[in-house]
Amino acid sequence: MVSEFRKKKLLYLFKIFFDADGSGTITKKDFELTIERIAKAKGWSPGDNMYKLAEKTMLEIWEGMQLKADLNKDGEISSDEWIKLWENFAKDPSSPVDWQAYYCKAIFSIQDASNDGAIDRDEFVSVHSSFGLPKEDANVAFDKVSNGKASISWEDFQKLWQEFFTSEDPNAPGNYIFGNLSF
Ligand SMILES: [Ca+2]
Ligand SMILES: [Ca+2]
């Protein structure tokens with residue numbers, strides 16, 4: 001069983017980052033909207049290589065996720081299916097399946113705008129505010145996840161990411177990796 005605390009984290013992620021059109025389920029359309037949203041934040045046009053790459057990666061994530069999560073095969077991932085998906089991940093978090101590893105890497109790459117292998121405060125705040133989060137909150141969230149460092153390395157990020165999905169500790173820095181403060 002997934003604890004209420006972890007359920008809260010998972011449903012936050014579902015609502016803010018995945019169900020982009022607010023329909024209550026995750027579908028391919030949500031991924032298409034997210035690609036547009038990221039492209040807008042980054043200033044990419046549909047013909048750009050970066051746009052095409054992001055599109056390819058996001059659609060691969062959707063396909064992998066759908067395969068694992070859409071248990072009743074209706075083309076949508078419901079919130080219950082979503083929680084089950086991460087329940088399975090938490091049983092063996094050191095072995096993420098392909099799309100989970102992709103997803104982790106994609107989120108890191110999207111935030112690392114300067115492509116120097118680390119996410120600094122400006123990068124973190126800019127991506128989260130493009131998803132509608134208040135800038136002040138994103139700044140506080142960065143303080144928590146960076147733990148006094150100027151930036152988050154890829155190694156730090158993977159650890160924080162895993163913490164978000166598996167940790168029952170309300171003080172775990174990884175709880176804040178998607179910018180929310182209110183768990
Ligand atoms: Ca949706
Ligand atoms: Ca379904």
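First listed ligand is number 1; within each ligand, the first listed atom is number 1.
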Problem - Test ring pair (Phe, Tyr, Trp, His ring centres under 6.0 Å) applied to Phe165 - qualifying residues, sequence neighbours left out - result: Trp86, Phe89, Trp161
Problem - Shared hydrophobic cluster for Leu33 and Ile35 (ILVMFWY, side-chain gaps under 4.5 Å) - result: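 No; Ile35 is not reachable from Leu33 via cluster members.
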Exercise for the section: Give a yes/no verdict on a cation-pi contact between Lys52 and Trp44, requiring under 6.0 Å between NZ or CZ and the six-membered ring centre and an angle within 45° of the axis. Expected result: no
Exercise for the section: Just give me the atom name: the N, O or S atom of Asp70 closest to the Ca ion (ligand 2). Expected result: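 Looking at Asp70, the N, O or S atom with the least distance to the Ca ion (ligand 2) is OD1.
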Practice task
Using only N, O or S atoms, tell me which atom of Asp74 is closest to the Ca ion (ligand 2).
Solution key: OD1
Practice task
For the residue pair Asp80 and Ser78, confirm or rule out a side-chain donor-acceptor distance under 3.5 Å.
Solution key: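 On atom types as modelled, these side chains do not qualify, holding no pair under 3.5 Å.
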Handout entry: Cationic N near anionic O, under 4.0 Å, Glu4 to Lys8
Key =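 Looking at Glu4 and Lys8, the cut-off is not met.
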Practice task
Flag yes if more than 12 heavy atoms outside Asp21 fall under 6.0 Å of its CG atom; otherwise flag no.
Solution key: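 It does: Asp21 CG has more than 12 such atoms within range.
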Completion exercise
Nearer than 3.0 Å to the Ca ion (ligand 1), the protein contributes N, O or S atoms numbering 6
Exercise for the section: Look at the rings of Phe178 and Phe164 and say which category their plane angle falls in: under 30° parallel, 30 to 60° tilted, over 60° perpendicular. Expected result: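 Ring orientation, 0 to 90° scale: perpendicular.
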